[in-house]
Amino acid sequence: MKIFNAAQIQALDKETVSNQYISSFKLMERATTKVFEKLQTRYKLYQTSFVIFCGTGNNGGDGLTLARLLKEGGAMVKVFLVQTKKYSPDNAQNQDLLEDRDINVEKFNTKSKLKVKKDDVIVDALFGIGLHSPLDEEWRPIFDFLNETPCLERVSIDMPSGLLADVTTPIEAIVFKADVVYTFQLPKTALLLSDAKEYVKELEILDIGLDLDYIESTKSDAYFVEQEKVRNLVKSGTKFSSKDDFGRVILIGGSKGKIGAMTLASKAAMNTGSGIVTTYVPNCGYTILQTAIPEVMCDTCAGEDYIKVFPSVEHYDAVGVGCGLGLHKDTATALVTFLKDNKDKKLVIDADALNIISEQKCLDKVPVESILTPHEKELKRLIGEWDNDFDKIDKVKQLAKKHNVIFVLKGAHTITIAPDETIYFNSSGNWGMATAGVGDTLTGMITSLLGQGYTSKEAAIVGVYLHGLAGDIAIENIHPHSLVASDLGKNISSAYNQIAL
Ligand SMILES: NC(=O)C1=CN([C@@H]2O[C@H](COP(=O)(O)OP(=O)(O)OC[C@H]3O[C@@H](n4cnc5c(N)ncnc54)[C@H](OP(=O)(O)O)[C@@H]3O)[C@@H](O)[C@H]2O)[C@@H](O)CC1
Ligand SMILES: Nc1ncnc2c1ncn2[C@@H]1O[C@H](COP(=O)(O)OP(=O)(O)O)[C@@H](O)[C@H]1O
Ligand SMILES: [K+]
């Protein structure tokens with residue numbers, strides 16, 4: 001799914017109205033009906049009261065439409081509407097339709113006293129993608145009230161009001177803090193970034209039937225990766241496949257006390273489909289690995305507790321480096337030599353291998369088309385501080401292009417950034433995955449896919465999605481708090497099955 005900026009979505013809105021021969025009023029009704037249907041399953045309408053805060057534009061129009069639909073659905077509804085001289089036409093028309101419906105509509109301004117009861121659901125329909133700049137300070141008392149007053153839940157239509165869709169919103173800006181955001185048709189970049197974590201606790205994208213031809217023909221360099229995209233990329237075996245067809249990979253890492261990271265990565269590589277997995281660890285890891293995973297071959301180096309020498313990787317289809325590697329200076333020296341000696345080998349680089357590359361300032365030695373998988377702290381060591389998430393993405397885009405490598409920025413919506421400046425936000429995964437070892441599993445999976453012949457970009461996109469999906473399947477039976485990295489490995493098979501459906 002493409003990600004559009006606000007201007008492109010507004011153009012899409014117009015194209016839809018023109019191509020589908022419907023009025024913008026009808027489109028608003030169609031969009032809001034989708035929100036209504038979601039609320040209908042989230043709450044028992046006849047037992048719930050909604051206080052809907054409506055702005056002056058079409059986001060406010062959605063709120064007014066929703067008020068009507070909720071009332072018809074049996075809910076108690078109260079509307080606060082921003083006082084102005086000029087409302088958008090669809091907003092005005094929906095105000096008219098609320099007359100004689102027994103719905104209390106109260107106009108308010110930024111100085112008004114608002115009222116919400118503790119069991120009300122607050123619906124925020126103040127500003128959507130029409131917001132052109134951060135909200136003025138005069139709005140602060142209203143938003144402080146909306147964000148702090150006790151209530152059942154906070155729901156935003158399209159955008160949490162105050163959040164700009166495709167450029168950064170300053171940290172101190174005034175923004176509604178939604179428990180759930182129902183956004184229309186396509187995700188907006190700001191909704192996917194961790195800078196918005198206070199404003200978007202849950203996100204749902206509602207298909208409102210906007211013009212598919214226009215979406216198809218409009219250029220975008222940002223994508224939201226969903227099952228369909230991954231289904232088209234996943235390779236399958238054939239009747240006569242042999243293990244050589246599924247790649248021979250080697251994972252290099254481990255140090256005393258961190259052999260588990262290599263166990264997780266190697267198991268994940270096997271479960272992702274590699275023909276042959278070799279694990280290269282210091283001596284102390286040998287028995288552990290051979291006992292833990294009979295399917296994996298284990299090779300060791302002269303070092304007892306940490307790696308002193310890297311192996312030859314000439315005969316491998318893909319190489320994963322870094323899980324549990326440690327930061328010993330001999331390991332660091334060996335890694336730098338390894339990078340120099342293997343300029344033509346695409347690598348998957350994670351964890352301490354990334355930290356060593358930061359320390360040694362040798363990003364320029366990383367072979368082209370390698371995949372680097374930093375979490376936030378590893379990325380900071382690599383590129384320094386950034387001002388905000390948009391700035392972070394820009395900086396990483398430039399690095400990806402300069403060094404011709406792929407970055408996988410791990411997080412809630414893991415972001416894959418390719419050297420051609422395309423960006424892929426992942427849609428799968430859950431907070432249960434924020435636990436040690438889950439990143440090692442990802443490294444094993446991406447290395448496996450690279451070894452199976454996927455391009456670096458494909459291996460990153462598919463690996464990240466499959467990994468998140470395995471996590472989503474795991475929490476069908478395990479509470480997110482109890483999810484551990486091994487649970488992911490166990491569910492890679494189910495993730496493949498689900499993608500194939
Ligand atoms: N995409 C689709 O297909 C569909 C989209 N739909 C809905 O339309 C929404 C977009 O509607 P929209 O364009 O009318 O803009 P909206 O967000 O209501 O805000 C406009 C108002 O805010 C004001 N304003 C702006 N910035 C401000 C600021 N900093 N401080 C103060 N005021 C500011 C602005 O004032 P002005 O710019 O005129 O000065 C204007 O009055 C979209 O999010 C979705 O909910 C669905 O109905 C149907 C399908
Ligand atoms: N809130 C979240 N939602 C979805 N995925 C998450 C969330 N938090 C963490 N993850 C995923 O879990 C993994 C954690 O990796 P990492 O931080 O490297 O862990 P470790 O180094 O301990 O293995 C990443 O793939 C990340 O995207
Ligand atoms: K809103």
Side-chain angles (χ1 to χ4, degrees), residues 4-14 16-17 23-36 38-39 50-70 77-84 86-95 97-98 105 107-110 114 121-136 139 142-143 146-147 154-167 169 173-191 196 199-200 203-206 208 210:
F4 282 178
N5 61 34
Q8 287 173 315
I9 295 173
Q10 266 148 355
L12 172 61
D13 187 339
K14 286 201 178 71
T16 305
V17 167
S23 62
S24 58
F25 175 84
K26 277 273 174 232
L27 182 58
M28 182 177 280
E29 188 91 6
R30 193 205 280 175
T32 309
T33 301
K34 295 285 179 180
V35 178
F36 169 75
K38 285 288 169 186
L39 297 183
F50 294 84
V51 185
I52 307 179
F53 292 85
C54 301
T56 58
N58 284 347
N59 195 249
D62 294 339
L64 295 163
T65 309
L66 185 66
R68 176 164 42 85
L69 297 177
L70 286 171
V77 180
K78 153 111 192 164
V79 172
F80 282 99
L81 173 65
V82 173
Q83 175 112 48
T84 185
K86 195 164 176 278
Y87 294 94
S88 73
D90 294 328
N91 183 308
Q93 195 173 341
N94 274 296
Q95 286 181 44
L97 284 177
L98 281 190
V105 180
K107 295 218 171 143
F108 76 103
N109 60 36
T110 52
L114 305 172
V121 173
I122 295 181
V123 179
D124 151 40
L126 287 166
F127 301 97
I129 56 165
L131 187 80
H132 47 63
S133 54
L135 288 172
D136 192 86
W139 282 96
I142 297 288
F143 278 72
L146 294 177
N147 286 332
R154 293 176 172 78
V155 176
S156 280
I157 303 183
D158 209 20
M159 292 292 296
S161 293
L163 188 70
L164 295 158
D166 49 43
V167 290
T169 306
I174 299 161
V175 183
F176 185 77
K177 295 179 180 171
D179 293 306
V180 55
V181 177
Y182 295 112
T183 202
F184 294 135
Q185 197 72 40
L186 306 174
K188 288 81 191 166
T189 306
L191 298 174
Y199 316 129
V200 188
L203 174 67
E204 289 211 41
I205 301 161
L206 307 183
I208 59 164
L210 296 184

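Not measured: the values here are computed from a predicted model.
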To the closest 0.5 Å, what do you measure between [atom1] ([X]) and [atom2] ([Y])?
{"X": "Ile9", "Y": "Phe184", "atom1": "CD1", "atom2": "CZ", "answer": "11.0 Å"}
{"X": "Leu70", "Y": "Phe36", "atom1": "CG", "atom2": "CZ", "answer": "6.0 Å"}
{"X": "Ile174", "Y": "Leu163", "atom1": "CD1", "atom2": "CG", "answer": "13.0 Å"}
{"X": "Ile122", "Y": "Ile52", "atom1": "CD1", "atom2": "CD1", "answer": "11.5 Å"}
{"X": "Thr33", "Y": "Leu66", "atom1": "OG1", "atom2": "CG", "answer": "9.0 Å"}
{"X": "Thr16", "Y": "Leu210", "atom1": "OG1", "atom2": "CG", "answer": "4.0 Å"}

Using a 4.5 Å cut-off on heavy atoms from C-beta on, say whether the side chain of [Y] contacts that of [X].
{"X": "Gln95", "Y": "Val105", "answer": "no"}
{"X": "Trp139", "Y": "Thr110", "answer": "yes"}
{"X": "Val82", "Y": "Phe108", "answer": "yes"}

Open item on the list: Working note: Phe50 + Leu39, criterion side-chain contact (heavy atoms from CB on, under 4.5 Å); need CA distance, chi angles, decisive distance, verdict.
Closed with: CA-CA 10 Å; Phe50 294 84; Leu39 297 183; 4.1 Å; yes
Does [X] use its side chain to pair, donor to acceptor, with the backbone of [Y] at less than 3.5 Å?
{"X": "Ser161", "Y": "Phe127", "value": "yes"}
{"X": "Asn5", "Y": "Gln8", "value": "yes"}
{"X": "Thr65", "Y": "Glu29", "value": "no"}
{"X": "Asp62", "Y": "Thr32", "value": "no"}
{"X": "Tyr87", "Y": "Gln93", "value": "no"}
{"X": "Asn109", "Y": "Gln83", "value": "no"}
{"X": "Asn147", "Y": "Lys177", "value": "yes"}
{"X": "Asp124", "Y": "Pro160", "value": "no"}

Restricting to non-hydrogen atoms, name the atom on [X] and the atom on [Y] that form the minimum distance, rounded to 0.1 Å.
{"X": "Ser133", "Y": "Leu131", "value": "O-CG, 3.4 Å"}
{"X": "Gly60", "Y": "Asn91", "value": "C-ND2, 3.7 Å"}
{"X": "Ala173", "Y": "Pro134", "value": "CB-CB, 4.4 Å"}
{"X": "Asn94", "Y": "Arg68", "value": "OD1-NH2, 2.8 Å"}
{"X": "Leu146", "Y": "Arg154", "value": "O-NE, 2.6 Å"}
{"X": "Leu27", "Y": "Ile208", "value": "CD1-O, 4.2 Å"}

Task: side chain to side chain contact (heavy atoms under 4.5 Å, CB included) partner of Phe53, the single match among Leu81, Ile142, Val79, Leu114 - done: Leu114
Open item on the list: Pair Leu186, Leu12 - check side-chain contact (heavy atoms from CB on, under 4.5 Å), show working.
Closed with: CA-CA 11 Å; Leu186 306 174; Leu12 172 61; 4.2 Å; yes
Open item on the list: Between Ile129 and Met159, does the side-chain contact (heavy atoms from CB on, under 4.5 Å) criterion hold? Intermediate values first, please.
Closed with: CA-CA 7 Å; Ile129 56 165; Met159 292 292 296; 4.0 Å; yes
Task: Lys78, NZ: over 12 other non-hydrogen atoms inside 6.0 angstrom - done: yes
Task: ring pair (Phe, Tyr, Trp, His ring centres under 6.0 Å) against Phe4, all qualifying residues, sequence neighbours excluded - done: none
TODO: Could you check whether the rings of Phe143 and Phe176 sit parallel, tilted or perpendicular, using 30° and 60° as the cut-offs?
DONE: perpendicular
